[in-house]
Participant: 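Got a structure for you, written out below as structure tokens; questions coming shortly.
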Amino acid sequence: MTDTRIAPGATAASERLFAAAQRVLPGGVNSPVRAFKGVGGVPRFMVRGEGPCLIDADGNRYVDLVLSWGPLILGHAHPRVLAALIETARHGTTFGTPTELEVQLAERVVATFPGLDMVRFVSSGTEAVMSVVRLARAATGRRLILKFDGCYHGHADALLAAAGSGVATLGLPDSPGVTPATVADTLVLAYNDLAAVETLFAVRGDEIAAILVEPVAGNMGVVPPAAGFLQGLRNITHRYKALLVFDEVMTGWRVHPQGAQVLYGVTPDLTCLGKVIGGGLPAAAYGGRRDLMELVAPAGPVYQAGTLSGNPIAMAAGLATLEELRQPGLWQRAADWAQRAGTLIAAAAERAGVPVVVQRVGTMFTPFFSSTPVRTFAEVKQTDREAYSRFFHALLESGIYLPPSAFEASFTSVVHGDRELELLEAALTTAWQR
């Protein structure tokens, strides 16, 4: 970071831009949680990212703990990623044909995750999960999908049942426009309640195509799996010949360099990936066992397509990111920063007499305003969201950019360092004095 000055408080440019945006964009944004509805105030319009920092239209500099909601594990404008993008774009941005970069990135991804023999690239996490659900139903000949309360799997109609993330932040019902028939084949249970899963399968196990789960919930804040929960899901799906699908759109490369499936030693049948896989550009993927993936067209009858799937610049950014992460100790640097940040937040809260529990897995963490750890979405909703909003704005004014929602994870990068910790510690010193 070349300039560590912080000029908090000026918002005139962001206010002007937000007023203009609201005339031409619904709510003034292109994704709901960006609108600051969950915390109040005016969203900051960013103009530049540099390493661990963001600079807004008013010239304010922030230590960025959102990182485009996870993809930027190398930080903003990483030289290796930029070089790959520039070189690739010189030859064209998209061809609608196969390219060698697709093969190279697919080989890297398959070599990283034990649950993958083959992958199919798409352009978003929503598209990946939507496609994998179709594949699971086709492979099993069953209709029902089990998901968990507070786990967000994109905005496809059938998966907006008891979704977390932006839906919860805005206090919306699952969504008008989603018909009862659309979600009729989606079953919902509490996250971390293995006994409830056992009971459900005992009654309807022969109807359930797959269990779809965030192996570490990140869309209701960071909620780790209870001991034995993921292995229990694996055992149940084996017993009833259903499929286990890990939604690692967020957790892939974030909770462990090889994802939650290696961290917890549980191999799913199918996996969804996103965010880090595109290195900051729109890219995602789904994959799994060869026999399942060979059902996908044109190898098999399950249709799925995408005009920009596997486009060269997204593949180049993803490949450059994953190549950089192979450096020994680099990923651990981001995880260590998250651990140290969590310790600072917890200590500052304790000094102030404020009940805060910081939950972290790898490079993801969430400070919950609660006196006890949270394990389910029902418990997350009992945390003090108004306290989080005050905390958010206190840190924002001190140059720390947190997720503008109590239901989202914070992320760290490999370029967050001692200086950024010092800035966080200084901000925390005054956070509960405002």
Side-chain angles (χ1 to χ4, degrees), residues 31 68-71 73 101-102 105-110 112-139 145-148 151-161 163-166 186 209-219 243-255 258-261 267-290 292-297 299-300 302-311 314-315 317-319 321-322 409:
S31 190
S68 194
W69 303 97
I73 197 167
L101 285 170
E102 293 173 282
L105 184 55
E107 288 173 341
R108 174 54 45 78
V109 173
V110 166
T112 299
F113 293 84
L116 300 184
D117 294 326
M118 306 180 81
V119 295
R120 166 62 63 84
F121 289 114
V122 292
S123 296
S124 71
T126 292
E127 193 180 350
V129 180
M130 177 183 70
S131 303
V132 90
V133 166
R134 182 183 304 154
L135 175 57
R137 285 173 166 151
I145 299 293
L146 170 62
K147 72 175 291 288
F148 296 95
C151 288
Y152 176 72
H153 302 289
H155 59 87
D157 283 7
L159 300 175
L160 279 179
S165 195
T186 304
I211 296 177
L212 174 61
V213 64
E214 287 185 274
V216 175
N219 286 290
L243 300 178
L244 179 61
V245 181
F246 275 7
D247 181 347
E248 295 222 49
V249 167
M250 184 178 291
T251 59
W253 295 281
R254 274 291 177 183
V255 299
Q258 293 178 275
Q261 53 199 263
T267 303
D269 300 294
L270 293 164
T271 300
C272 298
L273 296 165
K275 297 186 183 290
V276 170
I277 200 174
L281 273 75
Y286 64 98
R289 297 197 327 250
R290 185 172 301 274
L292 296 172
M293 292 304 295
E294 287 184 339
L295 294 174
V296 177
V302 180
Y303 192 74
Q304 180 269 314
T307 300
L308 294 177
S309 296
N311 70 83
M315 298 295 97
L319 192 58
T321 297
L322 300 189

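Along the sequence shown, the residues carry numbers beginning at 1. This is a predicted model, so every value here is computed, not measured.
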Participant: Answer whether the closest heavy-atom distance between the side chains of Glu127 and Tyr286 falls below 4.5 Å.
Facilitator: no
Participant: Atom CD of Glu214 and atom CE of Met250: how far apart are they, to the nearest 0.5 Å?
Facilitator: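 Reported value, rounded in 0.5 Å steps: 6.0 Å.
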Participant: Using every non-hydrogen atom in the two residues, find where Asp247 and Pro215 come nearest and quote the distance to one decimal.
Facilitator: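 Residues Asp247 and Pro215, closest heavy atoms: O-CD, 3.4 Å.
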Participant: Go through Asn311 and Phe121 one step at a time and tell me if the side chain to side chain contact (heavy atoms under 4.5 Å, CB included) criterion holds.
Facilitator: CA-CA 9 Å; Asn311 70 83; Phe121 289 114; over 6 Å; no
Participant: Would you say Arg137 and Ile145 make side-chain contact, with heavy atoms under 4.5 Å?
Facilitator: yes
Participant: At what distance, to the nearest 0.5 angstrom, does CG of Leu308 lie from OG of Ser124?
Facilitator: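 Spacing of CG (Leu308) from OG (Ser124) equals 11.5 Å.
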Participant: Can a donor-acceptor pair be found, under 3.5 Å and without considering hydrogens, that links the side chain of Asn219 to the backbone of Cys151?
Facilitator: no
Participant: Say whether, by atom type as modelled, one donor and one acceptor occur between the side chain of Thr271 and the main chain of Phe246 under 3.5 angstrom.
Facilitator: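 Absent.
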Participant: Minimum heavy-atom separation for Val119 to Ala106, with atom names?
Facilitator: CG2-CB, 3.8 Å
Participant: What heavy-atom pair brings Ser309 and Glu102 nearest, and what distance separates the two atoms?
Facilitator: O-OE2, 4.1 Å
Participant: Within the 4.5 Å heavy-atom criterion, are Trp253 and Val109 side-chain neighbours or not?
Facilitator: yes
Participant: Let's go through Gln304 and Arg134 carefully: what are the C-alpha distance in whole Å and the side-chain angles of both, what is the deciding distance for side-chain hydrogen bond (donor to acceptor under 3.5 Å, both in side chains) to 0.1 Å, and is it a yes or a no?
Facilitator: CA-CA 9 Å; Gln304 180 269 314; Arg134 182 183 304 154; over 6 Å; no
Participant: Tell me whether Arg254 contacts the main-chain N or O of Gly70 through its side chain, where contact means a donor paired with an acceptor under 3.5 Å.
Facilitator: yes
Participant: Does the side chain of Met293 come within less than 4.5 Å of Leu135's, by heavy atoms?
Facilitator: yes
Participant: Are Leu243 and Arg289 side-chain neighbours, meaning at least one heavy-atom pair lies under 4.5 Å?
Facilitator: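 They are in side-chain contact.
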Participant: Could you tell me the separation between the NZ atom of Lys147 and the CD1 atom of Ile211, rounded to the nearest 0.5 Å?
Facilitator: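 Those atoms lie 13.0 Å apart.
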Participant: Does the side chain of Val276 reach to within under 4.5 Å of the side chain of Leu322, using non-hydrogen atoms?
Facilitator: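 Side chain of Val276 against side chain of Leu322, heavy atoms only: contact under 4.5 Å found.
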Participant: Can a donor-acceptor pair be found, under 3.5 Å and without considering hydrogens, that links the side chain of Gln258 to the backbone of Thr112?
Facilitator: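 Pair found, side chain donor or acceptor close to backbone of Thr112.
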Participant: Would you compute the distance between atom CD1 of Ile277 and atom CD1 of Ile73 and round it to the nearest 0.5 angstrom?
Facilitator: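 One finds 13.0 Å between CD1 of Ile277 and CD1 of Ile73.
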Participant: Can you check whether Val249 reaches Lys275 side chain to side chain, under 4.5 Å on heavy atoms?
Facilitator: yes
Participant: Within this structure, what is the CG-CD distance for the pair Asp117 and Glu294, rounded to the nearest 0.5 Å?
Facilitator: 9.0 Å
Participant: What closest approach, in Å, do Leu273 and Ala128 show between heavy atoms, and which atom pair accounts for it?
Facilitator: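 Shortest heavy-atom separation between Leu273 and Ala128 comes out as O-CB, 4.4 Å.
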Participant: Considering all heavy atoms of both residues, which atom of Ala136 and which atom of Ala210 are nearest to each other, and what is their separation?
Facilitator: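 Shortest heavy-atom separation between Ala136 and Ala210 comes out as CB-CB, 3.9 Å.
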Participant: Give me the atom names and distance for the closest heavy-atom approach of Gly318 to Leu105.
Facilitator: C-CD1, 4.0 Å
